[in-house]
Number of protein chains: 2
Amino acid sequence: MRITAKVDYAIRAGAELAAAPRETPVKGEDLARAQQIPLRFLENILRELRHAGIVRAQRGADGGYQLARAAKEISLADIIRAVEGPLAAVQGVRPEAVRADGAAQDLPEVWIALRASLRAVLEAVTLADLAGGRLPPVVRRLLATPGVREPH
Amino acid sequence: MRITAKVDYAIRAGAELAAAPRETPVKGEDLARAQQIPLRFLENILRELRHAGIVRAQRGADGGYQLARAAKEISLADIIRAVEGPLAAVQGVRPEAVRADGAAQDLPEVWIALRASLRAVLEAVTLADLAGGRLPPVVRRLLATPGVREPH
DNA sequence: CTATTCTTTACCATTCCGATCGAGAAAGTC
DNA sequence: GACTTTCTCGATCGGAATGGTAAAGAATAG
């Protein structure tokens, strides 16, 4: 259940792009500096985002990267799937494909529910939300529950 | 966002223990066979569960493993923390310790909300639920949402 | 044609993961 | 006390994934 550097970087770069004016491309170097991401690594990530149709790139002077569609149409789930694949996987297998027997028969159902709860957050939050500093109601509700900030 | 083999194994072994009568210890080999887990690997996992106070072990003939407390007092979150540490971590750091600036300022809040939604499921489901085949309301509600089983 | 900036493929060093091994130490049995 | 069973612990290992680097190439604009 850990969020990798790659996903973290991809989302932060996306947020940065969402904050920039839509017409002018942002250079990879500027993105890297703004979010403190190793440039070479970031370029790989941006390429994957481009292949997934999330980002557009332009070469040459005055080149750079920009979002391929409106920031509010790009969810964090989209980004995670682009750079890492499925949101939740048990031993690399999609939850609904997992078989179990004996006392753990219902465990796959739990994994499916877990994925649903991940989706509820990650599909709801868009790059526009991040850039605009206004998180959606689902998130605000979750943040309002007592003890959310407890390390546990 | 993947569930490791270790976590999967630990929970399945826990469920198996929960299904067994409370007084008689279950041998590692039986657990391994019942849930198709490599024995040597399982032993390592059971050791960690014991160190966390979730499982008790007894050596010798008629020895084996048993739950250290009632199955309904052991949540999946307990087990995951025992074998893997914190439920959610960004690049190995706890969500509330993450700092971000620029356009991604609110990202840590999203991570915290994400952890909260993980907790809602993983703290709710106990080994007794798994062994008894009756999942708690939170989970049933999530499973009832449309499209939960879509691979996406 | 030249400077700039993205593109692509390949590569590398660590770390983590899943799994195995072997010696040993309790617990009970004869 | 010898013996069997079963857990205990530390070490180790191959392979994959992670995080990051390098370098040659291709598009774009001036």
Side-chain angles (χ1 to χ4, degrees), chain A residues 1-13 17 20 23-33 35-68 80 83-86 89-93, chain B residues 1-13 17 20 23-33 35-68 80 83-86 89-93:
Chain A
M1 282 297 108
R2 62 190 286 261
I3 292 141
T4 61
K6 195 175 187 181
V7 162
D8 186 38
Y9 289 162
I11 292 175
R12 277 159 49 195
L17 285 178
E23 321 80 49
T24 60
V26 183
K27 295 192 213 322
E29 205 184 329
D30 293 343
L31 285 175
R33 192 165 355 90
Q35 288 294 329
Q36 303 273 60
I37 304 170
L39 173 59
R40 295 314 192 81
F41 194 29
L42 176 61
E43 285 175 342
N44 288 337
I45 293 169
L46 287 166
R47 184 186 2 143
E48 294 184 61
L49 290 179
R50 190 174 60 84
H51 286 159
I54 291 174
V55 150
R56 266 187 306 172
Q58 189 166 10
R59 300 194 253 205
D62 293 0
Y65 300 91
Q66 52 195 304
L67 297 180
I80 295 178
V83 301
E84 261 204 349
V90 184
Q91 297 204 49
V93 179
Chain B
M1 282 293 112
R2 63 190 286 261
I3 292 141
T4 61
K6 195 174 186 180
V7 162
D8 187 37
Y9 290 162
I11 292 175
R12 278 158 49 195
L17 285 177
E23 320 80 47
T24 60
V26 183
K27 294 191 215 323
E29 205 184 330
D30 294 344
L31 285 175
R33 190 163 359 88
Q35 289 293 328
Q36 304 274 56
I37 305 170
L39 173 59
R40 293 314 192 76
F41 192 30
L42 177 60
E43 284 174 343
N44 288 337
I45 293 168
L46 286 166
R47 195 200 326 171
E48 295 183 62
L49 290 178
R50 189 175 59 84
H51 286 157
I54 291 173
V55 151
R56 265 185 307 171
Q58 189 167 8
R59 298 195 252 205
D62 293 1
Y65 300 91
Q66 51 195 303
L67 297 180
I80 295 178
V83 301
E84 261 203 349
V90 184
Q91 297 203 50
V93 179

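Throughout, a chain's letter reflects where its sequence line sits, starting with A, and its residues are numbered from 1. Side-chain atoms are counted along with the backbone in the values below, which use heavy atoms only and exclude waters and symmetry mates.
In this structure, B:Glu29 atom CD and D:dT8 atom C1' are separated by 17 Å, rounded to whole Å. Distance, A:Asp8 CG to D:dG19 C1': 13 Å, rounded to whole Å. Between the C1' atom of D:dT8 and the CD1 atom of B:Ile45 lies a distance of 15 Å, rounded to the nearest Å. Regarding B:Asp62, its CG atom lies at a distance of 11 Å from the P atom of D:dC7, rounded to whole Å. Here the C1' atom of nucleotide D:dA16 and the NZ atom of A:Lys6 are 14 Å apart, to the nearest Å. Atom CG in B:Leu31 sits about 13 Å away from atom C1' in D:dT6, given to the nearest Å.
Two residues are said to be in side-chain contact when any heavy atoms from C-beta on lie closer than 4.5 Å; A:Gln35 and A:Leu31 fail this criterion. The closest side-chain heavy-atom distance from A:Met1 to B:Ile3 is below 4.5 Å.
The side chain of A:Asn44 approaches D:dT21 more closely than any other nucleotide in the set D:dC7, D:dT21, D:dG19.
Nearest heavy-atom pair across B:Leu67 and B:Arg56 is O-NH2, 4.1 Å. Considering all non-hydrogen atoms of both residues, A:Val26 and A:Ala20 come closest at CG2-CB, 3.6 Å. Closest approach of A:Asp62 to A:Pro25, counting heavy atoms only: O-CG, 3.7 Å. The two residues A:Ile37 and A:Arg12 make their nearest non-hydrogen contact at CG1-NH2, 4.1 Å. What you find for A:Lys6 and A:Val83 is that their closest heavy atoms are NZ-O, 3.6 Å.
Scored by the ring pair (Phe, Tyr, Trp, His ring centres under 6.0 Å) test, A:Tyr9 finds A:Phe41 as partners (sequence neighbours excluded).
Of the residues in residues 46-58 of chain B, those placing a heavy atom less than 4.0 Å from an atom of DNA chain C are B:Gln58, in numerical order. Using a 4.0 Å cutoff on non-hydrogen atoms, the parts of residues 36-43 of chain B near DNA chain C are B:Pro38, B:Arg40, B:Phe41, ordered by number.
Nearer the 5' end of DNA chain C, as judged by each residue's closest nucleotide, is the contact made by A:Arg2, out of B:Arg59 and A:Arg2.
Side-chain nitrogen and oxygen atoms of A:Lys27 include at least one within less than 4.0 Å of the OP1 or OP2 phosphate oxygen of C:dT5. A close approach under 4.0 Å does not occur between any side-chain nitrogen or oxygen of A:Tyr9 and OP1 or OP2 of D:dG19. At the phosphate of D:dT8, OP1 or OP2 sits under 4.0 Å from a side-chain N or O atom of B:Tyr65.
Other residues, nucleotides and ligands contribute over 12 non-hydrogen atoms within 6.0 Å of the CD atom of B:Gln91.
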